[in-house]
Structures are given as structure tokens and as C-alpha cells.
Amino acid sequence: MSTANVRTRFAPSPTGFLHVGGARTALFNWLYARHYGGIFVLRIEDTDLERSTEESVTAILEGLEWLGLTWDEGPGCGGDYGPYFQSERLDIYKYYVQRLLDEDKAYLCYCTPEELKARREEALAQGRDPKYDRRCAQLTDAERKALEAEGRQPVVRFRSNDVGTTEVNDLIRGQIIFENGMLDDFVIQKSDGMPTYNFAVVIDDHLMKITHVIRGDDHISNTPRQIQVYQALDFPVPEFAHLPMILGNDKTRLSKRHGATSVTEYRDQGFLPKAMVNYLALLGWSYSATDTLFTPEELIEKFSLDRVSRNPAVFDMKKLEWMNGVYLRELDPEELTGLVIPRLQKEGLLPESIDAAARERVKKIAVSLQSRIRTLAEFVPSSRYFFEDDIEYDPAAVDKILARDYVPDMFAMLLDKLMQVEPFTEDNIEQVFLEVQEEVGRKLGDVIQPVRVAVTGTRVSPGMYEVLAALGRPRTLQRLKAAAEMAKAKLAGKD
RNA sequence: GCCCCCAUCGUCUAGCGGCCUAGGACAUCGCCCUCUCACGGCGAAGACAGGGGUUCAAAUCCCCUUGGGGGUACCA
């Protein structure tokens, strides 16, 4: 098939949040459509009444929007081939089910789930194939009446072709051949009148003129069934491309116990959509031997299915974090500041409304911390001491670094000089430190580290002069005084 | 059970018969930078699952085994 009028789709079932696996599938479909100037359709597969929820629909749309995976047809934007919720397309499925029934390509089956289950287990126990035994395939009208009189609600089964083979020409894996004898007469319409996945997906993909079905490789085995439905209905068969699965670090299917699996969780943890998209793209796709960083625009330009790998990929949080750090460092100060402020406010570290001066101060702090965080969420704990007066001291740092005998005198000297320096800027602060270092005759680190513990409570922070400048004189002096007392008390205790 | 997919460093991968004493990235380790931590720079360690073929030549092609994953639902 040509790539002239490419139409791809993402068809999630709204039974939870947008999973990273789903997001990756959506991304590949989106990239493929965008690359060829085609159409990306979003369709909601909500035929499972039990598990589908509206909140899930909202969450999925939110997730896609956050990632920037805009759709051309679907919920919220309509399109010529709607409706885009399967639950609103029931008449359409009914019509085609009836057509198959009329053509004797499908039939009513009155077996109950319990009966089927029992027979399946029995077959398995006897070493036989657990496929449906077709006992309802040739029912007479009278038999049907009797069954219905028992109060049985029939399902509709597809009369599958059981001779020969069905071939799937997968764009990623090549030709896959299935023996038709392996297929059984699967259900296409449930007893509640809803279509099943394997049926609805064919009807919709055909009616929505989908040219390329790009989905997870857990659908490979479903493909021959779907192809048979295409054939029974005389629909042209689209192209298929099955993506490798995304696994957890134990190589099993990625799930909650592997950590965050919903994209909104990643958003909340402070990952950037560009980083997420870049990382997801590399899960199963690569461009060259050396390139790994791609903007969405570059991905669109470079994406192709023939560079999609066939092996399953383990989701590597560490690499995602690294990549997020890369994008975080690329943010301009204004942007970073805007991202960080709401998080500080949420933690109560910043008032709801802030003036330009406060914003400027946050910007300085943000820039100081920019190369030291990998997610936006990390910003809050690493910047706390800038916003809170009751700082927490790392006891080990206090013991090892603050409680040194030269510290009280040195702090007194520092206090004296810092009180006078004007203005209280990085350069001037540096001068003070150099003078003090000279006077105490120690290494710079010996004067700075105690100060660091005194003002931040920890032995890790951005450069000391910038921290003090951002902290401001009053707070610096106050913390130095408090720490000097602390050091004295500790030293006295030691004697 | 049966069917299908997959198999290169710990992880993501490059490799599409000779360019491979297998390249890159994350992670790890070391060194440098340095007031700490990051960032950055340099370097190290680290893989073709096993066995048969085919070929002058195989990580690359074929078969088997093993391992992993998926399907076998009135879930999608």
C-alpha cells in the first residue's frame, strides 16, 4: 500500500490512565501520520461496559495532550468518520453482524460462559485443543427456539475459515503465517449486544479508512482473526505493523509494580513532555548508531517503521531521568521559573501571588539548581532552605563539618565582614571569603563547607556565593549565628 | 497443551556476509575541573544465549535447543 493518504489511529480502551505502553503506541502512530502528512485518528474503544469509565477517557485525552500528540479526528474535534466512541457506533456493528448472519458467515450461539469454560477445561485436561466445538453452528430454528425458551441470550460467532492459512504481512516483522485450523469461531457480538474487540476494530478501521494499523505485538495473534473478518466482509486489508512490547526491569510486561506507568504520573513527577516523547520514541525505534536526542519535529522528520526494532524493550527509568535532565538544562530561565513556581506554591514555600522581585529571586535559585536536578519534583526538596527559615540539619554534617574547633571564631569573623559588605552580591561575598580564608590560613573548602552546612543544613548545594546572595543578608547572618551557637554547644559537649 | 513473536554490553540499541580485535547512549568505576554536589571533559570495564549447518568468509543466512514475551475470553 502506498503512503499517499496515510491514516493511522490510536484506539485505547478507557479502563485506566494512559499507560506508557499506550503512549508509545500513540506516539508511533502519530509520528507515522505526521511524517507522511497523513491523518491521526483517536478512537475510544469502550465496548467493555464493565471496565470503561469516563474518567479514563478524560485521563487519556489529558495524557495525549500533555505529550503533544494532537489528533485530527476523534473526541473533541470530530471528523468525517465518526462517531469516535465505539459505544456510539452500536447500530453500525449491528448492521454488519446482521450482514454476516444473512450470508451465513456468522451464527447464533447459545452456550453459556460457564458451559464454555467447563468444556474448555475438559478439553485441556484431555489434551485436546480448547477451541469452541461449534455445537451451535448448525442449529435448526426449532432448536434455537427451545434454547431461547430456556432464557438463554445468544452471542454471535464468526464462522471462521478453518482450511488453508492466513498470512499477515507485517511491516516490521515480515510475513507471518497462521494455520486457519488454529482459529475457532470467535464471538463477534456479546449477549448484551455489544461487539467484541476483534470485530469492532475491523469495522471501525475500515469505515475510518485506516491505512496502517500500528499497535503492540500482543495483537499479532489477533490479526488473522481480523483479517478473516475483513475478507468475509469484502473489505480491503490494511497494512499492519506490530511494535515490540515495553517491559519492566524483570522483563515481564510493564505494570504498576514496576513503578509509575501512567504518563500523568510522569508529568506530576516533573518530567518534561519533550523528554518523555524522546525517550518513548527510543523504546523500539532508533535512528542511527550515535544519535539519541531528538525534538518532536526531528522525530517526525526521521521516523520510519523500518527502523523499529523487533525485540521487547525494558523501560529504563534512569535513562529517562538523564534525558529529562538534558531537556531541563536546555530550558531558558524564564521557562524554568514558570514551571517551578507552582510546585513551590503547592508546597506552601511560596505565597499564591508573588511580585516581580520574588519571581526574580526564584529565577536565580532555579538557575542555580538547574544542572542539579533531573526532574521538576526534585526542585522542591533541593531548594527548601531558600524558602524556609526552620531548616533541617543533617546531623552527620553538623558533627563532621560544623563542630570543628575553628568554626566559632571563623563564623564571628565572617559575620562581622558580611554585615558590612555592600552591596550583598556574589562578587563581594567572594571577596569576604577570600579575606577570611587568608586570615584563618586554611583551605577555601574549610571555610566554605561549614558555612554551607550552616545555611543549607547539608553539605550539598550550588556554589556558596550564589547561595548566600540568593538567600540575602538577613537570613545569612541569622543562620550563621545560629550555627555558631550550635557549633559551640557541640564542641563543649565533646570536652 | 497448542499457536505466534523475540534473542548483541546490566539497560536501550548500531550492525542488514567481509569495513567488527562489535560502535553509541544510560547506568557503573576512575581521572580532570572544583568550595560541596551537579554540569562538563577524558578514560576504563562490559555483549553477539548454546549447538549444528550454508559459505572462501557469519553477530549478520538456515535448522534445532534453551530462555523470555504474547495469544488461546461474551477484555481490549
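Naming: A, B, ... by sequence-line order, numbering from 1 per chain. Only heavy atoms go into these numbers, but all of them, side chains included; no hydrogens, no water, no symmetry mates.
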- Note on the structure: Which of B:U11, B:U13, B:C35 is nearest the side chain of A:S309? It is B:U13
- Partner of B:C56 by Watson-Crick or G-U wobble geometry, both contacts under 3.5 Å, or none? B:G18
- Query: Mapping A:G445 and A:G284 to their closest nucleotides on RNA chain B, which lands nearer the 5' end?
  - Reply: A:G284
- Under a 3.5 Å cut-off for both distances, is B:U72 Watson-Crick or wobble paired, and to whom? B:G1
- Considering just the side-chain nitrogens and oxygens of A:R307, establish if one lies under 4.0 Å of OP1 or OP2 belonging to B:U13. no
- Message: I'd like the P distance from B:G43 over to B:G23, given in whole Å.
- Response: 14 Å
- Note on the structure: Of A:L282 and A:I172, the one whose nearest nucleotide on RNA chain B sits closer to the 5' end is A:I172
- Could you work out the separation of B:A59 and B:G18 based on their C1' atoms and round it to a whole Å? 13 Å
- Note on the structure: In A:S56, A:P12, A:P83, the residue satisfying side-chain contact (heavy atoms from CB on, under 4.5 Å) with A:I44 is A:P12
- Query: Quantified in whole Å, what is the P atom distance between nucleotide B:C75 and nucleotide B:G17?
  - Reply: 47 Å
- Looking only at B:A27, B:C35, B:G1, the nucleotide nearest the A:D129 side chain is B:G1
- Message: In whole Å, measure the gap between the P atoms of B:U60 and B:A22 for me.
- Response: 16 Å
- Note on the structure: Applying the 3.5 Å cut-off to both distances, the Watson-Crick or G-U partner of B:G67 turns out to be B:C6
- Message: Measuring only the P atom in each nucleotide, how far is B:G46 from B:G53? A whole number of Å is fine.
- Response: 30 Å
- Respond yes when some side-chain nitrogen or oxygen of A:R310 is under 4.0 Å from OP1 or OP2 of B:U13, and no when none is. no
- Query: How about A:D394 and A:T458: does a side-chain donor come under 3.5 Å of a side-chain acceptor?
  - Reply: no
- Regarding the side chain of A:R372, the nearest nucleotide among B:G10, B:U36, B:C35 is B:U36
- Item | Sugar-phosphate or base contact per nucleotide [nucleotides 70-76 of chain B; S, B, -; heavy atom under 4.0 Å] | BSSSBBB
- Donor-acceptor under 3.5 Å (A:Q370 side chain, A:L331 main chain): yes
- Task: Could you tell me whether A:E392 atom CD has more than 12 heavy atoms of other residues or ligands within 6.0 Å of it?
- Result: no
- Item | Phosphate OP1/OP2 of B:U11 contacted by A:K251 side-chain N/O (<4.0 Å) | yes
